[in-house]
Amino acid sequence: MLTPVVPLFPGFARHYPAMPRYDFRRIESRWQQYWEQHQTFRVQDCVADRPKLYVLDMFPYPSGEGLHVGHPEGYTATDIVCRYSRMRGKNVLHPMGWDAFGLPAEEFARRMNVHPRIKTEQNINTFRKQLKMLGFSYDWSRELSTTDPDYYRWTQWIFLQIYDTWYDAGCVWTGPDGVQRRGRGRPISELPIPAAVAAAGQSAVRRYQDQHRLAVLTEAPVNWCPELGTVLANEEVVDGVSERGGHPVVRMNLKQWMLRISLYGDRLLDELADLSWPESIKLMQRNWIGRSIGAEVDFRVASSADSQSAWQTGRASAGFPMRPEADVIRIYTTRPDTLYGVTYMVLSPEHPLVDQLTTPQQQQSVQQYRQQASLKSELERTDLAKTKSGVFTGSYAINPVNGQPVPVWIADYVLISYGTGAIMAVPGHDERDYEFARQYQIPIVQVVAAAAADGPQADLSQAAFCELGVAINSGPWDGMPTEDVKQRITADLAARGLGREAVNFRLRDWLFSRQRYWGEPFPIWHELDEQGQPTGLLRADPVETLPVLHPHVEDFKPTGTPEPMLSKATSDWLYRTAEDGVRLKRETNSMPQWAGSCWYYLRFCDNRNSQQFIDPEKERYWLPVDLYVGGAEHAVLHLLYSRFWHKVLFDRGHVTHPEPFRRLVNQGMILGENGEKMSKSRGNVVNPEQVVNDRGADALRLYEMFMGPLEQVKPWQTSGVEGVYRFLSRVWRMIVDDRAEQVVLDSAVQDIPATPEQLRVLHRTIRAVTDDIERMAFNTAISRMMEFTNAMSDQEVLAKSVLEQFVLLLSPFAPHLAEELWFALGHAETLAYEPWPVADPQWLVEDSVEVPVQVNGKLRARLVVPAGTTGEVLQATAEADETVRRQLEGKTVVRVIVVPGRLVNFVVK
RNA sequence: GCCGGAGUGGCGAAAUGGCAGACGCGCCGGAUUCAAAAUCCGGUAUGGGUAAAACCAUGUGUGGGUUCGAGUCCCACCUCCGGUACCA
């Protein structure tokens with residue numbers, strides 16, 4: 001019986017061709033057109049009667065190279081989840097956009113002298129076209145690019161929010177999520193002004209406020225790359241040259257914007273706990289934040305303990321000061337328990353006390369050493385392989401716990417940017433100090449002994465002993481465990497005004513300015529004095545004047561100096577006179593590429609809003625992102641920066657959830673066929689567009705999911721694409737008569753009740769595929785569908801109803817083919833919102849099960865018994881089995897383990 | 001160095017502590033064909049054994065351990081991949 005394909009869509013009928021074989025080209029373009037014309041995936045905001053699901057891909061940088069096979073991997077995974085979830089009745093937000101600022105377009109502009117916007121738009125068009133070829137169910141009406149003035153207007157607005165915020169570390173408050181927190185970003189207008197500052201006048205108050213903002217201009221050592229014409233973030237410098245292009249990078253001090261992310265260190269750390277992120281990523285963030293607890297301790301500079309007791313008496317009554325006296329070195333240590341083992345101290349070469357502490361005899365060598373250190377790059381200084389170096393300053397400081405004078409050195413293994421820039425050195429119990437002490441024959445004293453005889457032992461002639469243990473040679477603390485000594489010695493120092501508990505973060509503030517053209521301009525002006533010199537006072541653009549657009553420039557060549565590209569603008573962009581007559585010059589730095597990607601997930605919820613960056617109602621409805629999928633390369637920076645911005649917005653009441661991304665999944669990298677990273681230079685790059693042309697988007701999607709677990713790194717195999725393509729062809733032929741002229745159902749497909757066997761196979765498949773999608777185990781879901789087609793291949797007659805259910809299961813994976821088959825099965829509308837099949841438990845129970853029989857854990861027989869066979873019967877059946885009997889012969893059965901339905905195991909002697 | 005993750009057929013892989021290798025690729029054999037492509041059917045861990053089976057032994061990086069039973073849990077080690085780099 002031939003079932004003619006009935007209702008064709010208006011417009012489709014005319015093009016309906018003879019299609020004997022699986023013609024993916026026709027099928028795919030037809031359905032892509034259909035989805036676009038019918039706006040199938042357009043999503044409504046704030047739908048009350050359906051649960052929302054926000055599924056987000058890390059949006060790509062639209063490079064000139066076009067799509068890479070790595071892109072469709074995560075995008076297919078999220079697309080499957082989205083299509084599946086829609087069929088499960090969820091209201092799904094699934095958007096796509098472009099992280100389109102960045103240096104490549106600017107470099108292209110410089111070479112070809114065309115505006116970077118032009119090249120960027122071309123690249124975006126290529127990317128969009130390529131993504132649309134893959135049939136992703138994005139709501140394209142929500143598309144955005146970080147380079148759209150309508151978008152970066154709000155990036156600038158958020159910057160101004162950050163600029164307008166100071167961090168009140170002691171503030172205890174309860175957010176809209178009902179959780180009590182300590183520490184809150186508050187409006188700068190609420191910053192308490194000390195009386196002395198207030199008395200000094202308005203400009204002093206403004207300067208005081210400026211120092212406390214979350215966005216501050218500071219003189220900072222930066223990586224300046226003359227060739228690229230910009231400063232680079234540390235992560236953009238590899239082995240002393242720029243990551244992009246390999247150009248030399250020099251260190252220099254420049255006025256730069258810093259965002260004070262480190263103030264949020266505690267919250268960024270603590271609030272990781274509840275996120276459904278891979279533990280490894282959480283750990284990387286924890287390590288990056290690097291919170292440590294220890295003590296700050298003051299060492300007074302003096303060559304003898306003479307006046308020490310007077311100073312200590314003063315401290316005991318006055319307490320530990322905010323800032324130490326001019327002759328006091330403040331150090332940070334995580335091992336205050338080793339204070340009795342201090343045999344020298346080290347200041348970083350940049351430490352402000354160095355000049356003061358250097359004695360005339362040491363002047364020359366100290367000068368020389370500082371000079372050398374300043375010339376070294378960060379990398380040279382932090383090269384672990386090199387031997388340690390340093391110079392004695394000639395001065396001594398008094399150890400506050402025992403009154404011992406210890407020599408003060410400078411050495412570049414101590415960094416000015418961490419802790420207090422000075423350390424107490426305990427060579428007996430710190431590897432670095434040990435190495436240094438050996439180098440310069442400084443005494444090594446043991447103050448910690450192994451706690452247990454069977455644990456690691458101390459042998460200070462060989463190496464430092466860095467384990468915990470018990471105190472020795474430590475005065476009153478002898479015999480006490482390390483942890484206790486830490487606590488008590490810190491408390492003791494605090495009581496005497498000589499130290500205090502302190503917390504430090506490895507996390508540094510975020511260098512937030514670049515000297516590029518193709519980034520967001522800052523909405524900030526510098527006030528100028530009569531001579532046209534900056535006074536150091538700043539003014540923000542009023543928010544209603546945003547965006548600050550890019551100026552016209554004649555060319556895109558770097559200035560060749562640290563002067564930003566935007567300073568090449570004409571003076572009408574650069575200067576203006578304020579209403580009060582003050583001359584203003586624009587900030588000419590631009591924001592780094594991270595800025596736009598910090599908040600795009602918010603804008604997708606409301607990308608056309610011209611009044612607000614997001615409508616609060618939409619924010620409450622869509623946020624947080626339920627599933628965020630992208631590469632692990634963004635494990636730290638992007639995800640940390642985004643979380644930071646989100647928390648500032650949260651503190652300022654602009655968003656209602658403390659975290660932006662509830663669940664995170666990292667897709668594994670796809671390697672080339674040779675198992676190496678794909679790259680042009682290795683010649684192993686696979687072009688997805690080519691694969692789509694050869695085998696179709698459905699085959700590409702299916703293959704990318706079939707390769708292995710999503711999170712895993714896996715090599716590409718073109719023959720594997722062939723395999724899934726064959727599967728799709730088999731599915732096609734299972735349903736469609738491939739010898740007919742028109743698309744008609746295969747004669748085996750009939751509108752009759754399904755056989756019990758077919759129903760069992762179908763419902764097992766439904767259950768397995770559903771479970772696998774829930775687990776994001778797409779590779780095994782596909783295996784299950786292959787098993788389904790294998791099982792159906794020997795059926796003479798196939799019930800149409802079974803195939804319909806199967807087509808629905810297949811649809812999230814191979815949506816074009818599934819739509820076409822759904823259509824061929826007689827349905828007039830898209831299957832995108834058909835209810836997801838439900839496994840009927842009736843068809844999941846087995847009639848009989850195969851149970852393995854083991855003797856001493858070794859497989860000896862397999863029994864086929866009715867489902868539900870009791871343990872006794874199972875054991876009796878096993879004992880009756882020929883092979884088992886032979887194995888048991890002449891042996892004593894010690895024990896029998898029977899797990900009904902699972903196994904029998906005889907333990908014999 | 002430190003912190004993660006992973007090591008299973010020729011290859012990609014699968015396996016709530018309970019039949020290792022599902023599914024796919026490749027390969028071998030067969031059907032179809034004048035022939036080929038495509039398609040379909042069967043086989044495919046290793047060694048022994050058999051005419052063929054049955055059957056026996058071995059097998060999840062290495063070495064130990066826990067358990068009636070370990071790819072899975074524990075300890076030590078090796079290799080590869082990713083992150084990080086003197087953070088006191």
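A note on names: the letters A, B, ... follow the listed sequences, proteins ahead of strands, and every chain is numbered from 1.
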Can you tell me how far [atom1] in [N] sits from the matching atom in [M], rounded to whole Å?
N	M	atom1	result
C23(B)	G9(B)	C1'	14 Å
C19(B)	A70(B)	C1'	14 Å
G71(B)	C86(B)	P	43 Å
U46(B)	U60(B)	P	15 Å
U16(B)	U66(B)	P	25 Å
C28(B)	C80(B)	P	34 Å

Excluding sequence neighbours, so at least two apart, what forms salt bridge (charged side-chain N to carboxylate O under 4.0 Å, His left out) with D433(A)? none
By salt bridge (charged side-chain N to carboxylate O under 4.0 Å, His left out), which residues pair with E431(A), not counting sequence neighbours? none
Which listed nucleotide ([options]) is nearest to the side chain of [X]?
X	options	answer
T334(A)	G12(B), C19(B), A88(B)	A88(B)
R21(A)	A38(B), C19(B), G4(B)	A38(B)
K714(A)	A13(B), G18(B), C19(B)	A13(B)
K858(A)	C23(B), G18(B), U58(B)	U58(B)
Y418(A)	G12(B), C86(B), A88(B)	A88(B)

Rounding to an integer number of Å, can you tell me how far [X] [atom1] sits from [N] [atom2]?
X	N	atom1	atom2	value
M669(A)	G5(B)	CE	P	18 Å
F727(A)	U39(B)	CZ	C1'	17 Å
M705(A)	C23(B)	CE	P	21 Å
Q285(A)	C3(B)	CD	C1'	15 Å
L671(A)	C81(B)	CG	C1'	9 Å
N666(A)	A6(B)	CG	P	14 Å
K388(A)	A88(B)	NZ	P	14 Å
L710(A)	G12(B)	CG	P	18 Å

Chi angles and distances behind the salt bridge (charged side-chain N to carboxylate O under 4.0 Å, His left out) call for D337(A), K486(A): CA-CA 5 Å; D337(A) 62 294; K486(A) 275 192 196 180; 5.1 Å; no
For a quick test of reading the model: is some side-chain N or O of [X] closer than 4.0 Å to OP1 or OP2 of [N]?
X	N	answer
R902(A)	U16(B)	no
N779(A)	G12(B)	no
S280(A)	G83(B)	no
Q712(A)	A13(B)	yes

In terms of ring plane angle, is the pair Y440(A) and F436(A) parallel, tilted or perpendicular, where the classes change at 30° and 60°? tilted
Check step by step if side-chain hydrogen bond (donor to acceptor under 3.5 Å, both in side chains) holds for R508(A) and S262(A). CA-CA 6 Å; R508(A) 300 296 154 76; S262(A) 60; over 6 Å; no
Would you give a per-nucleotide map of nucleotides 40-45 of chain B, 5' to 3', where B means the base has a protein non-hydrogen atom under 4.0 Å away, S means only the sugar-phosphate does, and - means neither? SS----
Not counting sequence neighbours, which residues clear side chain to side chain contact (heavy atoms under 4.5 Å, CB included) with [X]? List them please.
X	value
E279(A)	K282(A), R286(A)
V761(A)	R764(A), T765(A), F788(A), A791(A), M792(A)
R775(A)	D772(A), A777(A)
I670(A)	V69(A), E73(A), M678(A), E704(A), M707(A), W716(A)

For [X], answer base if it contacts any base atom (sugar-phosphate contacts may also be present), sugar-phosphate if it contacts only those atoms, and nothing otherwise; contact means non-hydrogen atoms under 4.0 Å.
X	answer
R860(A)	sugar-phosphate
R286(A)	nothing
S729(A)	nothing
I423(A)	base
E722(A)	nothing

Does a donor on one side chain and an acceptor on the other come within less than 3.5 Å for [X] and [Y]?
X	Y	answer
E435(A)	Q439(A)	no
S389(A)	Y369(A)	yes
N504(A)	S292(A)	no

Holding to side chain to side chain donor-acceptor pair (under 3.5 Å), I want the full list of residues that pass it with Q717(A), two or more places apart in sequence or in another chain. none
Please produce a list of atom pairs where a protein N or O lies less than 3.5 Å from an N or O of nucleotides 72-78 of chain B.
none

Please determine whether side chain to side chain contact (heavy atoms under 4.5 Å, CB included) holds for the pair W409(A) and I442(A), giving the CA-CA distance in whole Å, both sets of side-chain angles, and the decisive distance to 0.1 Å. CA-CA 11 Å; W409(A) 290 61; I442(A) 298 169; 3.8 Å; yes
Would you verify whether the NZ or CZ of R506(A) falls within 45 degrees of the ring axis of W288(A) while also being under 6.0 Å from that six-membered ring's centre? yes
side-chain hydrogen bond (donor to acceptor under 3.5 Å, both in side chains): pairs with one or both residues in residues 664-676 of chain A, sequence neighbours excluded: E673(A)-T718(A), N674(A)-N684(A), E676(A)-R682(A)
Of all the base pairs, Watson-Crick or G-U under 3.5 Å, which form stems of three or more consecutive pairs involving RNA chain B? B:1-7 with B:78-84, B:10-12 with B:23-25, B:26-31 with B:39-44, B:45-48 with B:55-58, B:61-65 with B:73-77
Pull out every protein N or O sitting under 3.5 Å from an N or O of nucleotides 68-70 of chain B, one pair per line with the distance.
unit_1, atom_1, unit_2, atom_2, d
C68(B), OP1, R895(A), NH1, 3.1
C68(B), O2', N905(A), ND2, 3.4
C68(B), O2, N905(A), ND2, 2.6

Could R885(A) and E879(A) be called an ion pair, given the rule that one side-chain N must be under 4.0 Å from one carboxylate O? no
In terms of the nearest nucleotide of RNA chain B, which residue is placed more toward the 5' end: R506(A) or R775(A)? R775(A)
